[in-house]
Amino acid sequence: MKPVPRFSPGFAWPEARQALGAIASGRLVRGPGPSEFARELAAYLGVRHVFLTPSARMAFWLALRATGLPPGEIIFPSLTYYAMPAAAKLAGFTPRFVDVDEHLLLDLNAVEAAINENTRAIMPVHLYGRCVDMTALAAVAARHGLPIFEDIAQALGARWGDGPVGSFGKLAIGTFGPTKNITALGGGCIVTNDDELAERLERAGQSIIPAGSLAVLRAFGFASAMALAAWPPLFRLALWPLLRLGRARGVDIITKATDDPPRDFPVDAPPAFFTGGLGHLMGRFGSASLRALDHRNARRRAGGLRLAAALEGTPGVRAPQPREGETPIFMSFPILVDDPGAFADALLARGVDTARGYMSACADLSMFGAPGDCPRSADAVARMLHLPVHPAMTDERLDGVATAVRAVAAERGGPA
Ligand SMILES: Cc1ncc(COP(=O)(O)O)c(C=O)c1O
């Protein structure tokens, strides 16, 4: 099989045309791009307000402060991106971690058990483009009178029942980084139906400074370089040999270039939180990305379902199995295997590029006062490998990936 990269270009000609048009007109920062993008995204999600921010972590910090909730605990799944509980901590709250279920999503029984008089909110994370059971979670939250804050950073366009994720809670947080299924070359958002909260966010948001022209051009250059690197001939001739060389020395060069390792947040909001907001070019880019979202998500979904069917029951490999009620979008396709580093090396030798992923078992991070007791999350982080499932994958390549995974699993033996 021809080598398959772990990612595909995050954008295509429609987005590039918007970017080049903005550059040609000299309107990189000022212009209606962001407000129009926010309006279009609100209409897409069927919500009243989308408020754009420089990042998802800043969005969460700002939203928490704007809710006016008294200090207390916020329930998170332990398996999540550390920056979100870190932002909660920075806003004066205490992250309370519970374990994940067999789908690697918030375990609702554990949520119920963790609720106490200090609980202020619950944050379900729709991780890897899968959906938390929002019907069941809404019932738990209603029973205890608690608000839900959804993390939709990896699931924009996924649906639980008839509703898009992001439309169920008091608010939801999203991101538009260059590796996401929807990108504006950066930035994040708060989604809400609450008019009062939206008004408070508008006031607080007046201090946000949009990314300058140079930063926007740099982000466009970085995204273009990633798009080029994922182009199959270039991947085969340049990146794949480099990846293999790196792996032989125990280094994953893509992870090394993009890693954001958990670190302690400062005790005060860093001024950087308020810089890097969306300007005109970024807004236009986001709008074009939104128009392509359903088509690209459908390709991810079809690819994920094909891999799930092909890998079901493979000894030594635990693959995602979607359940009734969810319409996932497979931002990635995480499998759990023993010794994932060696498994990844064997797959790369067969032409399948994979990633270990960047989630943490947050309950075990010292910045949150570890150790916690969330063994499923710790096990997932220790054994996870992400298979390529991006929109550029053809059926033939997906089948090639599944065949390679089954062959490596058979070579290695291992538990059923
Ligand atoms: C699940 C999840 N939540 C939150 C974030 C944070 O996004 P940002 O980098 O915009 O702060 C990410 C980032 O990739 C993520 O994957």
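In each ligand, atom 1 is the first atom listed, and ligand 1 is the first ligand listed. Computed from a prediction, not measured in an experiment: that's the story for all the values here.
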Practice task
Indicate whether any N or O donor in one side chain lies under 3.5 Å from an N or O acceptor in the other, for Asp151 and Tyr81.
Solution key: no

Handout entry: contact_flag Tyr358 ligand 1 heavy-atom lt 4.0 Å
Key = yes

Problem - Shortest protein contact, atom 12 (C) of ligand 1 (heavy atom only) - result: Tyr81 CD2, 3.4 Å

Exercise for the section: Classify the side-chain pair Arg130/His103 by whether it contains a donor and acceptor separated by less than 3.5 Å. Expected result: yes

Practice task
Answer side chain, backbone, both or neither: which part of Gln154 comes under 4.0 Å from ligand 1, heavy atoms only.
Solution key: side chain

Problem - Ile74, Thr94, Thr80 screened by side-chain contact (heavy atoms from CB on, under 4.5 Å) with Pro85, the one that passes - result: Thr80

Problem - Within 6.0 Å of CD in Glu102, more than 12 heavy atoms from elsewhere - result: yes

Completion exercise
Ranked by distance from atom 1 (C) of ligand 1, the top protein heavy atom is Asp151 OD2, 3.5 Å

Handout entry: Glu112 side chain to His144 side chain, donor-acceptor N/O pair below 3.5 angstrom
Key = yes

Exercise for the section: Check Met84 against ligand 1 and report side chain, backbone, both or neither, counting heavy atoms closer than 4.0 Å. Expected result: side chain

Exercise for the section: Quick one: look at His126 and ligand 1, take heavy-atom pairs under 4.0 Å, and tell me if it's side chain, backbone, both or neither. Expected result: neither

Fill in the blank from the handout: Closest to atom 7 (O) of ligand 1 among protein heavy atoms sits Ala56 CB, 3.3 Å

